[in-house]
Each structure stands twice: as structure tokens, then as C-alpha cells.
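Here the structure comes first, spelled out in C-alpha cells, and everything after it is commentary.
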Amino acid sequence: MTKPHKPQSNAMLKRAHENMPLGVADSYRYWGEENTVFLSSMEGCTITDCDEQTFVDFRLAYGPIILGYRDERVDNEVIHAITTVGTISGFSTGLDSDVVELVKSLCPNIDKMRFANSGTEAVIGAVRTARGFTKRNKIVVVEGGFHGLHDEVMWKSDVDNWEVSDEKPPEIIPFGAGIPQSTREHQVSVPLNDFKAIDSVFAQHGDDIAAILIEPIMGNCGSIASTQAYMQKLRDVCDANDSLLIMDEVKTGFRVAKGGAQALYGIYADLTTYAKAMGNGYPIAAFGGKANVMDAISFAKDGVTHGGTYTANMVALSAAKATLTVLKETDALATIATVGQKIQALLSRVFTKFDIEHCFAGPDAMFGVHFGSEVPQNYRDWKKTNSDLYTQFALNLIDNGVMLEPDSREPWFICEAHQTVDLKWLEQVAEQSMSAAINAE
Ligand SMILES: Cc1ncc(COP(=O)(O)O)c(C=O)c1O
């Protein structure tokens with residue numbers, strides 16, 4: 001997939017195997033002995049590996065890069081903050097409120113917020129706050145959703161080993177070893193856009209459901225999205241049962257619209273998690289929501305505990321302030337949407353040329369590509385798509401200098417810097433890649 005002769009990358013992997021399991025710092029970065037990527041630099045919408053192969057990148061670190069790599073508007077603010085103020089102190093600065101007020105100006109669903117260092121931590125904080133506020137235990141999650149690497153949400157529908165023709169639903173399995181069965185006790189899983197399933201879960205567990213936790217647009221499942229009616233259903237069912245609606249906007253926040261997915265639906269959560277696009281690649285995350293819910297975080301005997309040594313550090317907050325200011329004050333997101341539309345149009349021309357049924361899911365800034373006649377409505381529907389053809393197409397794109405995840409469950413991420421991409425070149429490359437994928441079938 002990446003070019004065959006890669007002496008530097010191979011040497012780096014060899015060295016890294018001595019130092020880290022699988023030779024990588026995150027297991028998902030291991031792409032096999034021949035194709036694990038080691039970079040030497042990133043700039044704009046491109047990444048360059050240590051064997052000097054440059055790729056136009058649609059993976060964008062799984063979503064955080066919203067403006068572009070090494071965006072000076074952000075980097076200079078961070079340099080200024082750490083050289084004139086500092087990094088962390090274990091105390092507060094005015095920057096905390098600067099960032100919260102910026103978020104509040106973009107997201108009417110936020111009255112109060114707390115910071116975290118990763119999406120995982122933000123979800124942990126939101127779920128704990130929901131439980132502390134409602135004094136209930138159960139969390140309803142949606143098949144195909146992803147909410148980070150903490151034990152309780154590391155249970156997934158095993159759609160890979162399930163057939164559409166199976167009468168039984170996919171099995172729910174852990175993401176591997178080390179996840180105690182007890183962490184499943186309070187989790188219930190439903191297929192997206194299935195009204196009956198949600199009614200039945202509430203009929204069975206309603207008085208112990210603390211919250212529904214959902215990615216409104218599943219950034220980890222090909223951008224398959226909740227319908228407007230289903231999102232309204234979730235809002236209504238939560239209100240009727242005194243449960244909270246938590247929207248996990250770690251991928252969609254500040255990307256699909258200035259106010260995230262909630263601005264697109266016009267339906268608002270009680271608690272929301274943010275991360276990725278909030279800091280253009282700097283490690284910032286947050287959760288927030290209605291004041292009465294967030295005020296469950298307190299030193300009262302029955303209050304919720306939240307904090308952490310690196311919470312609201314100056315590197316993260318200065319990056320968030322700069323990124324959110326650019327997103328708020330410029331047309332960056334409109335530019336991203338236009339580029340995303342153009343790329344979907346050119347891909348569609350290529351697929352049509354080869355007579356391939358296809359559809360796009362989700363918004364232009366983060367769209368999923370599915371080979372099938374209908375946009376999947378949930379994770380089980382995804383299994384009906386020709387994901388093997390997609391993977392082959394994606395591997396060929398990588399071969400030709402276009403980086404993306406070779407799995408149709410990961411969307412194409414667009415950043416502002418993609419406006420510089422030569423779309424004619426991209427169309428040609430897509431055509432070559434599809435032609436080779438069909439020949440390989
Ligand atoms: C929707 C969603 N929630 C939570 C997470 C976890 O975020 P992190 O990897 O920053 O811990 C992710 C990561 O991809 C995500 O997409």
C-alpha cells in the first residue's frame with residue numbers, strides 16, 4: 001500500500017518493536033510489518049513519511065485537524081501562552097473562562113463546562129455527572145458508536161462475525177482482554193434509528209436509566225446518522241423518564257457546524273462531550289451542559305468528583321481559544337463544507353463511471369463512503385455494503401498518495417487546508433484506484 005521500498009520506516013519499526021508492544025504508541029497505528037507509517041513531517045493537509053513519500057491526508061489524526069497541520073494562527077497562540085504565562089500550575093487562569101465563553105457563544109446547549117485531556121476522559125466525566133445527577137446507574141448506548149477506551153464503553157456489537165441473514169442480533173463482545181464482565185452490568189445497547197428497541201429498553205429499565213449516550217452522527221461508523229425523528233424520539237423519551245441525553249460530539253463538535261451536530265438537528269443534549277476539532281490537534285477535551293446538571297459536580301456529600309492534574313493546562317486551552325476563535329470568526333467551516341461537497345461529487349463521478357452503487361453518509365466535513373444502494377441506517381445495515389471493495393479502493397488510494405483509513409467505518413475528514421488540493425489530480429487518482437480495485441476482485 002505505501003511504496004514498497006521503505007528502508008527508514010522499516011528500520012523505525014524494528015527499533016520501535018524493542019520499545020513498545022506492536023512497535024506503536026496506539027495499537028490502531030500498527031498497520032502490519034510492511035505498512036506501519038512513521039512520519040517525518042506534517043503541513044497543511046499533507047503528511048510526509050520518513051521515506052519521503054507525501055500523502056494528501058483525509059484521516060487527519062481521526063478528526064482533530066480542522067484547519068490544517070501546523071496552522072500558525074493556533075501554534076503562535078500556544079507559543080505565546082507557554083512562553084509568557086506557563087504550562088500548568090495547579091491553579092486557574094482567566095483562560096479557562098475565555099474558552100468556556102467561546103464555546104457558549106457557539107453552542108446554546110452549554111451553560112457550564114469542565115475540561116479534560118482526551119475524548120475518553122470527557123465521556124467518563126459526562127457519564128459520571130449524569131449518574132450523580134440522576135442517582136441512577138444504567139447507560140443506553142447505540143450499536144456502532146464509539147466512546148473511547150474506558151472499560152465500561154469497551155463493549156461492541158460483533159457485526160464483523162454476524163450475517164445480515166442471522167435471526168439473532170450481533171453478539172456484544174469486549175474490545176479484547178482485561179475488561180471485566182462486571183463493566184457491562186449497567187450498559188444496554190440498541191440499534192440506531194430503531195424506535196421499538198428504545199421503547200422496549202425504557203419499558204424494561206426506565207427507572208434506572210441515567211442517560212442515553214449517543215454520537216448523533218457516528219464518526220466511528222461511516223458517519224451513519226440518527227434521523228431527525230429518532231433524535232427527537234431520544235429527546236422525548238429522556239424527558240418523559242427523567243433520564244439525560246448525552247451527545248458525544250468528540251468527532252462532530254466544531255466540525256460539522258459551529259454548534260456541532262446539535263446545531264444541525266436543532267435538538268439539544270443535557271450533557272455534551274467535545275474534543276478533537278476543538279484544538280486543531282492539541283490535546284483538549286471538555287464536557288458540559290445545563291447548569292443544574294453540571295452543578296452536580298460539587299464537594300457536597302452526594303456531589304460528583306471531577307478534576308485531574310493536566311486539566312485545563314495552558315497548552316490545551318490556548319490552542320482551543322485560538323482554534324475556536326478562527327472557527328467562530330472566519331468562513332473556515334463553510335470552506336470545508338464546499339471542499340467536502342466537491343470531493344464527494346468527484347468520487348461519485350468515478351464510482352458511476354465504474355457502475356458502482358454508492359452513497360455518502362453524514363455531513364460534508366466528515367462523510368462516509370458506502371458501496372450500496374441505500375445509506376445505512378445503523379451498524380447492522382453497514383454490513384450490507386460492499387466494504388471489501390471499499391478497503392481495496394482505499395488501499396490503492398494510499399498507494400497513490402492519498403491517506404485514509406482502509407475501513408469504510410472511518411469517514412473522510414476534511415480540513416480548511418484541503419482547499420489547496422488539486423481536485424483534477426484527486427479524480428484521476430480515484431479513477432486509477434477504483435480501476436485497480438475492480439481488477440483485483
Ligand atoms: C465519539 C468519540 N468519543 C470518544 C472518543 C475517545 O476520544 P480519545 O481518543 O481522545 O480518548 C472518540 C475517539 O475517536 C470518539 O470518536
Side-chain angles (χ1 to χ4, degrees), residues 24-29 58-66 114-130 139-157 175-176 179 187 189 192 211-226 231 234 245-257 260-262 264-265 269 271-289 308 310-313 315-316 319-320 323 361-363 365-368 379 404-405 407-413:
V24 287
D26 168 329
S27 299
Y28 298 108
R29 292 179 200 167
F58 291 103
R59 194 166 161 274
L60 298 182
Y62 294 117
I65 304 301
I66 187 75
R114 277 289 179 94
F115 294 102
N117 301 297
S118 66
T120 296
E121 246 191 70
V123 175
I124 292 172
V127 167
R128 188 184 305 135
T129 303
I139 303 293
V140 180
V141 295
V142 170
E143 286 180 6
F146 178 73
H147 303 290
L149 296 184
H150 51 113
D151 292 355
E152 223 190 334
V153 291
M154 289 177 72
W155 292 89
K156 62 179 176 185
S157 287
F175 276 51
I179 299 165
Q187 202 215 74
S189 160
L192 183 70
I212 299 176
L213 169 63
I214 181 171
E215 285 180 90
I217 301 160
M218 296 200 291
N220 300 280
C221 196
S223 282
I224 297 171
S226 169
M231 195 47 77
L234 297 188
L245 181 56
I246 306 176
M247 293 200 205
D248 184 349
E249 295 230 43
V250 161
K251 270 188 172 167
T252 52
F254 313 110
R255 166 171 287 284
V256 302
Q262 296 174 57
L264 301 182
Y265 286 96
L271 287 169
T272 305
T273 55
Y274 298 111
K276 308 214 178 202
M278 190 175 178
N280 195 46
Y282 287 87
I284 175 80
F287 66 97
Y310 295 104
T311 303
N313 69 77
V315 175
T323 306
M366 186 184 112
F367 60 86
Y379 190 21
L404 72 173
E405 199 74 7
D407 183 327
S408 65
R409 284 169 287 196
E410 193 64 23
W412 289 50
F413 288 101

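Numbering of ligands and ligand atoms starts at 1, following listing order. The first residue of the sequence shown is numbered 1, and numbering continues consecutively from there.
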**Message:** For a salt bridge (Lys or Arg N to Asp or Glu O under 4.0 Å) check, start with the C-alpha distance between E410 and K251, then their side-chain angles and the critical distance, and finish with the verdict.
**Reply:** CA-CA 11 Å; E410 193 64 23; K251 270 188 172 167; 2.9 Å; yes
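Side-chain contact, Y28 with E405: no donor N or O sits under 3.5 Å from an acceptor N or O.
Protein residues having a heavy atom under 4.0 Å from any atom of ligand 1 are S118, G119, T120, F146, H147, G148, E215, N220, D248, V250, K251, K276, listed by chain and number.
In this structure, A285 and N117 approach most closely via the heavy-atom pair CB-C, 4.1 Å.
Between W412 and F367, the ring planes are parallel. Angles under 30° get that label, and only those over 60° would be called perpendicular.
With sequence neighbours left out, D151 forms a salt bridge (Lys or Arg N to Asp or Glu O under 4.0 Å) with no residue at all.
A donor-acceptor pair is defined here as one N or O able to donate and one able to accept, closer than 3.5 Å; such a pair exists between the side chain of R255 and the backbone of I65.
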